[in-house]
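Lettering of chains follows the sequences in order, A, B, ..., and the numbering in each one begins at 1.
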Amino acid sequence: MADYFALIDCNNFYASCERVFDPSLNGKPVAVLSNNDGCVIARSNEVKAMGVPMGAPYFEYKKIFRENNVRVFSSNFALYGDMSSRVMNILARYCPDMEIYSIDEAFLHFKGFDCFFDLSSYAQEIRTFVLRATGIPVSIGIAPSKALAKAANRVAKKFPERTGGVHVIDTEEKRAKALRWIKVEDVWGIGPRYGNMLRLRNVRTALDFSLLPDDFVRDSMTVVGLRLKHDLMGKPSIQMEDIKPKQAIACTRSFDRDYLEYSDLRERVATFSCEVAKKLRAQGSDCNLVQVFVRSNPFKVHLPQYGRSVCLKLPYPTNSSIELTKFALKGLSSIFKKGYAYKKAGVIVMGLTPSESKQLNVFHNSDPRHSPLWKAIDRINLLSGHDVVKLGGQDLRRKWKMNRNLLSPRYTSKLEEILKINVHDKEEIERA
DNA sequence: TCTGGGGTCCTAGGACCC
DNA sequence: TCTGGGGTCCTAGGACCC
């Protein structure tokens with residue numbers, strides 16, 4: 001009996017979501033863009049094969065995309081979020097110990113499963129069922145530690161014909177083979193900085209990394225790096241995580257153009273504060289710290305650059321949009337400097353506490369009338385489908401807009417946008 | 001013209017306490 | 001000339017993830 005970890009990862013998740021509802025995209029190159037249609041954040045295999053890197057600026061690749069008939073979409077998080085929970089619900093049926101790692105990935109802890117199942121066939125079963133029930137293709141890596149499961153997943157995804165989308169590392173030979181194949185900078189937990197540092201020391205593969213002395217790894221990469229090393233050696237050191245309450249909630253955005261005036265920024269910061277306050281209320285939390293930042297556009301190197309952030313300790317915990325906005329704007333006024341072209345701002349709240357058990361202050365407290373007020377406003381906004389009730393400091397004339405020119409319908413979360421099938425489509429789907 | 005957003009964890013160093 | 005030591009808490013900054 002042994003402990004195994006499985007990593008289930010949706011293939012090209014956002015691109016796959018778009019394909020589920022438009023089968024004509026199958027086999028065609030598909031790309032999905034970030035907010036404001038700024039960067040490429042998801043690519044189908046065809047687009048990856050064209051050499052388009054993750055995070056590539058859209059404007060640089062527009063021409064190439066046009067020439068190659070790439071189907072491009074604005075990000076549709078309402079759709080992806082819903083598809084994600086469908087996939088996760090299915091995965092949860094296959095294992096009691098599951099960690100949702102990101103919107104498109106989950107770890108399953110197969111403790112002693114190898115006594116009862118052939119792990120590879122079990123994973124194949126999961127894969128087949130997820131695909132049939134949701135239309136999303138997944139790859140599965142299984143190994144004695146989480147980092148090795150990540151590595152196994154990489155193998156499964158890279159060689160779908162040979163592996164059938166499932167790869168199990170259950171022998172020393174397979175472990176060494178996989179690690180020798182993975183470049184050090186592609187290891188989970190080794191980013192560009194560490195990758196560079198290790199390259200300079202002639203560490204080229206995941207296997208090289210796993211053979212480094214512990215002391216060196218700890219000194220140069222902290223205990224996080226050391227845990228990773230042990231995990232890759234097959235000594236599980238990275239644990240399954242429980243669902244933890246969030247520590248911070250943020251709303252940050254780049255602007256559609258440069259902002260010069262304080263009044264423009266004030267509107268954005270007010271809106272971001274309302275957004276985080278709404279998220280706080282949705283999860284039943286208050287916050288007692290609010291951080292505000294602004295910055296100019298680092299890509300415009302010829303312009304003077306400025307960026308600053310400030311963190312305000314609140315006199316009392318709150319989740320009222322009115323109060324939070326008041327504090328955030330106070331922060332903004334302390335860091336705003338005239339004469340710069342601002343491109344991005346954000347509001348982040350920390351020090352989250354459950355609204356139920358808040359620590360009251362002797363002198364100042366959140367206005368007790370706000371709690372029922374926002375409960376009512378949240379309900380009105382929810383029923384109407386968008387924010388009809390706003391603060392006066394927000395964008396009442398809707399000057400602000402996000403570029404989302406290539407958006408697909410919210411097929412699964414808006415009745416008006418639900419998929420319509422005509423006979424012609426149906427035949428096509430059946431053929432597909 | 002045009003370059004995302006939302007998170008986590010760890011460490012070093014300063015302030016403060018006795 | 002010469003100025004303790006150990007502990008805790010907080011914060012800023014740096015690394016990483018998807």
Side-chain angles (χ1 to χ4, degrees), chain A residues 7-14 31-43 52-63 65 72 74-75 77 80-81 84 99-107 146-147 150 153 185-198 217-228 238-239 241-258 272 275-276 279 283 288-289 291 293 295-301 303 307-313 341 343-352 402-406:
Chain A
L7 176 70
I8 295 89
D9 189 329
C10 301
N11 300 347
N12 318 320
F13 183 53
Y14 300 162
V32 179
L33 305 178
S34 65
N35 274 346
N36 263 327
D37 292 347
C39 297
V40 179
I41 54 167
R43 306 151 294 156
V52 180
M54 177 68 177
Y58 177 43
F59 73 89
E60 281 180 12
Y61 287 85
K62 231 173 193 165
K63 189 154 163 275
F65 283 175
V72 185
S74 303
S75 44
F77 286 106
Y80 312 149
S84 170
E99 173 190 340
I100 297 178
Y101 181 67
S102 75
I103 192 164
D104 71 332
E105 276 174 68
F107 286 101
K146 287 170 86 177
K150 270 274 187 187
N153 188 284
E185 61 270 27
D186 292 338
V187 172
W188 179 49
I190 296 181
R193 284 294 167 87
Y194 289 152
N196 241 335
M197 183 273 290
L198 292 164
V217 176
R218 190 195 293 102
D219 290 349
S220 50
M221 299 174 67
T222 81
V223 298
V224 181
L226 190 62
R227 279 201 286 262
L228 173 64
I238 304 173
Q239 306 305 320
E241 303 269 355
D242 298 329
I243 303 154
K244 281 178 285 189
K246 278 205 178 70
Q247 299 183 28
I249 294 177
C251 181
T252 72
R253 291 282 180 283
S254 298
F255 309 140
D256 51 342
R257 57 181 172 82
D258 287 346
F272 299 162
E275 196 55 41
V276 288
K279 289 189 197 170
Q283 65 158 50
N288 52 44
L289 282 169
Q291 184 182 1
F293 75 86
R295 73 160 165 74
S296 50
N297 186 346
F299 294 102
K300 291 191 176 169
V301 285
L303 289 181
R308 226 182 123 183
S309 90
V310 64
C311 197
L312 268 71
K313 210 169 239 148
K343 182 63 179 173
K344 186 170 181 175
V347 174
I348 302 154
V349 293
M350 288 160 295
L352 307 192
M402 179 156 73
N403 290 322
R404 295 173 92 186
N405 301 321
L406 308 158

Got a list of side-chain donor-acceptor pairs under 3.5 Å for residues 55-62 of chain A, not counting sequence neighbours?
none

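A donor-acceptor distance shorter than 3.5 angstrom exists from the side chain of A:Lys146 to the backbone of A:Gln239, with no hydrogens or angles considered. At distances below 3.5 Å, not a single donor-acceptor pair connects side-chain atoms of A:Glu99 with backbone N or O atoms of A:Phe107. Proximity of a side-chain donor or acceptor of A:Ser75 to a complementary backbone N or O of A:Phe77 within less than 3.5 Å is not detected. A donor-acceptor pair under 3.5 Å is formed between the side chain of A:Asn36 and the backbone N or O of A:Asn403. At distances below 3.5 Å, at least one donor-acceptor pair connects side-chain atoms of A:Ser84 with backbone N or O atoms of A:Ile103.
Considering every non-hydrogen atom in both A:Lys343 and A:Arg257, the closest pair reads NZ-N, 4.1 Å.
The same atom, C1', is picked in C:dC17 and in B:dG4; the two are 15 Å apart, to the nearest Å.
Nearer to the 5' terminus of DNA chain B, by closest-nucleotide assignment, is the contact made by A:Asp258 (compared with the other of A:Asp258 and A:Arg218).
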Inset, instruction - Go along nucleotides 3-9 of chain B 5' to 3' and tag each nucleotide: B for a protein heavy atom under 4.0 Å from its base, S when only backbone or sugar atoms are that close, - otherwise. - result: BSSSSSS

Inset, instruction - Indicate for each nucleotide in nucleotides 10-18 of chain C, in 5' to 3' sequence, whether protein heavy atoms under 4.0 Å reach the base (B), only the sugar-phosphate (S), or nothing (-). - result: -S---SSSS

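Partners of A:Ser220 under the side-chain hydrogen bond (donor to acceptor under 3.5 Å, both in side chains) rule, at least two apart in sequence or in another chain, do not exist in this structure. For A:Asp258, the side-chain hydrogen bond (donor to acceptor under 3.5 Å, both in side chains) partners are A:Lys300, not counting sequence neighbours.
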Legend entry - Dot-bracket notation for DNA chain C, counting Watson-Crick and G-U pairs under 3.5 Å, with | for partners on another strand: ....||||||||||||||

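The aromatic rings of A:Tyr14 and A:Tyr80 lie parallel to each other, their planes meeting at an angle below 30°, with 60° marking the opposite boundary.
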